[in-house]
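Within every chain, numbering begins at 1; the chains are lettered A, B, ... in the order of the sequence lines, protein sequences first and strands thereafter.
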2 protein chains.
Amino acid sequence: MMENDKLVSGCVMKRPRERIIEMAQLLFRKHGIRGVGVDTIAEEAGTNKMTLYRHFGSKDELIAECLRDTAGQAEVFWRDLDATYPEDTPEDSLAKLHQWVRAVASYASMEGGGCDLLTAAFELPEPDHPARLVVEAFKREQRGKLVALCRSAGITEAEGLADALGLLLEGARVNRRSVGPNGPSAHFVAIAEAVIASFSAAGERVRERELERG
Amino acid sequence: MMENDKLVSGCVMKRPRERIIEMAQLLFRKHGIRGVGVDTIAEEAGTNKMTLYRHFGSKDELIAECLRDTAGQAEVFWRDLDATYPEDTPEDSLAKLHQWVRAVASYASMEGGGCDLLTAAFELPEPDHPARLVVEAFKREQRGKLVALCRSAGITEAEGLADALGLLLEGARVNRRSVGPNGPSAHFVAIAEAVIASFSAAGERVRERELERG
DNA sequence: CGCCTGTGTTACCGATCTGTAACTTTACGA
DNA sequence: TCGTAAAGTTACAGATCGGTAACACAGGCG
């Protein structure tokens, strides 16, 4: 029983705020953000519209809060990755990079795994929507972490490889959304491995050339 | 003056059907598909709701028609490409592949270039929506053409390269939508070239090995 | 001239949307 | 036991949504 849970008539139940966020995330994934109203969210969460508005103020703020919650799951993701490969040696970091590929692939192949922020970016075109700030900040942060991982793995063009992997991952997500899980996105791991290999080989060639020169 | 234009009080004007489609595409890009109503579309197109419904029957059908129109532009794209590189030799096909990269990059960097179908896939989650059929068919068709191009360019793993390029392109589009045109998507051409090079080199290595063996 | 097709106009339907007001009930802690 | 804060209830406002009915009007063509 967690900190913010409550006992209602003998039944353990999370508090309304959490129930609303979880149900909103679920319904947003199922029907789209604009495809579900606050009334439905509140009812399905086992509460009512007034409580929802007392907690979040507006639907837009609820959306932003849902995205912040989703983005927070990425921290667990990186913590797990750091726990598996705690060393900072180039060899361990390269293994960690390969593990990153497998992990994001398995996460992205889950039901709506990691698509929430992309969906928001597409469904809410208004440039000053509170949700867009969350999306932008998250994307930049993830790119930074991936660049750092590539760099400590000894990749010379760390930013190039990180961007390549980032685009491939987002492409895999969106492609899965378009043509289903059996399309090109199914080969994400193989493609990503090939790209990593080519960037590693490029670094090797540079190093060999430097050795030749003296 | 085109076939379907009309002279109204001395002014050349396209017919309502075309005006509605063009204005709908524009407004869908600006406010999202669910973010704009049929009333607004009709008014902004200089006509009225009844005419819209007489032509398209429903908003969903209008959406599908808009996507079919957008998808049709890809045919012009490939025709231009074929016109520039009419030969089928591996050398010309490889040059054509590089030209494909540059062309889709410049197309994707245009205002909402090629994002309409992705937006629809994200905004319309219902699996039997008429728009989803258009999206799926289009994606498969484009992949087929790209695979064929890679193959005639002498790439051994034609499908692998085609999928890699496809995912990169879709990733670039969606990334641009998330963090703007100055993010990782700005390096799409460089990344795509690197990937092509690595797939070409892989083929070279295979061929060298076969030569060594006999 | 009369016909016909395409288009414009107005009014309307029922449903749903975000958001608010006022009030009642519940739970928990001092 | 009483006070307080969170949560539930009901009703409603104002707007917008997709979609339809009925009718007026226009131009082209025989």
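For the OP1/OP2 pair of dG8(D) and a distance below 4.0 Å, the side-chain nitrogens and oxygens of Thr51(A) include at least one atom meeting the criterion. The phosphate of dG6(C) (OP1 or OP2) has no side-chain N or O of His55(B) nearer than 4.0 angstrom. Between Thr47(A) and dA7(D), a side-chain N or O to OP1/OP2 separation shorter than 4.0 Å is absent.
Remark: C1' of dT18(C) and CG of Asn48(A) are 15 Å apart, rounded to the nearest angstrom. One interatomic measurement links the two molecules: CD1 of Ile41(A) to C1' of dG19(C), which rounds to 14 Å at whole-angstrom precision. The distance between atom CG of Leu52(A) and atom P of dT20(C), rounded to the nearest whole Å, is 12 Å. Between Leu62(A) atom CG and dG19(C) atom C1' the separation is 14 Å, expressed in whole Å. Residue Glu61(A) contributes atom CD, which lies 11 Å from atom P of dG19(C) at whole-angstrom precision. dA7(D) atom P lies 10 Å from atom CZ of Phe56(A), rounded to whole Å.
Direction change of the helix axis from one end of the helix from dC1(C)-dG30(D) to dA30(C)-dT1(D) to the other is 10°, with five pairs defining each end axis (rounded to 10°).
A salt bridge links Arg143(B) with Glu159(B); the closest basic N to acidic carboxylate O contact falls under 4.0 Å.
Evaluation of the salt bridge (Lys or Arg N to Asp or Glu O under 4.0 Å) rule for Lys30(A) yields no partner, not counting sequence neighbours. Residues forming a salt bridge (Lys or Arg N to Asp or Glu O under 4.0 Å) with Lys49(B) (at least two apart in sequence, or on another chain): Asp39(B). Arg68(B) is linked by a salt bridge (Lys or Arg N to Asp or Glu O under 4.0 Å) to Glu61(B), Glu65(B), counting only residues two or more places apart in sequence or in another chain.
A distance of 5.5 Å separates CD in Glu170(B) from CG in Leu118(B), rounded to the nearest 0.5 Å.
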Under 3.5 Å, side-chain donor or acceptor atoms of residues 177-186 of chain A against the rest of the protein: list the pairs with distances, not counting sequence neighbours.
unit_1: Ser178(A); atom_1: OG; unit_2: Val174(A); atom_2: O; d: 3.1

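Between the side chains of Asp116(B) and Thr119(B), no donor-acceptor pair is found at a separation under 3.5 Å.
For Arg15(B), taking side-chain heavy atoms from C-beta onward, the closest of the listed nucleotides dT7(C), dG8(D), dG8(C) is dT7(C).
Ring geometry for Tyr107(A) against Phe77(A) counts as tilted: the plane angle lies between 30° and 60°, on a 0 to 90° scale.
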Per-nucleotide protein contact string for nucleotides 12-24 of chain D (B base, S sugar-phosphate only, - none; heavy atom under 4.0 Å): -----SSBBBB--

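The 12-atom threshold is exceeded at CD of Glu136(A), counting heavy atoms of other residues, nucleotides or ligands nearer than 6.0 Å.
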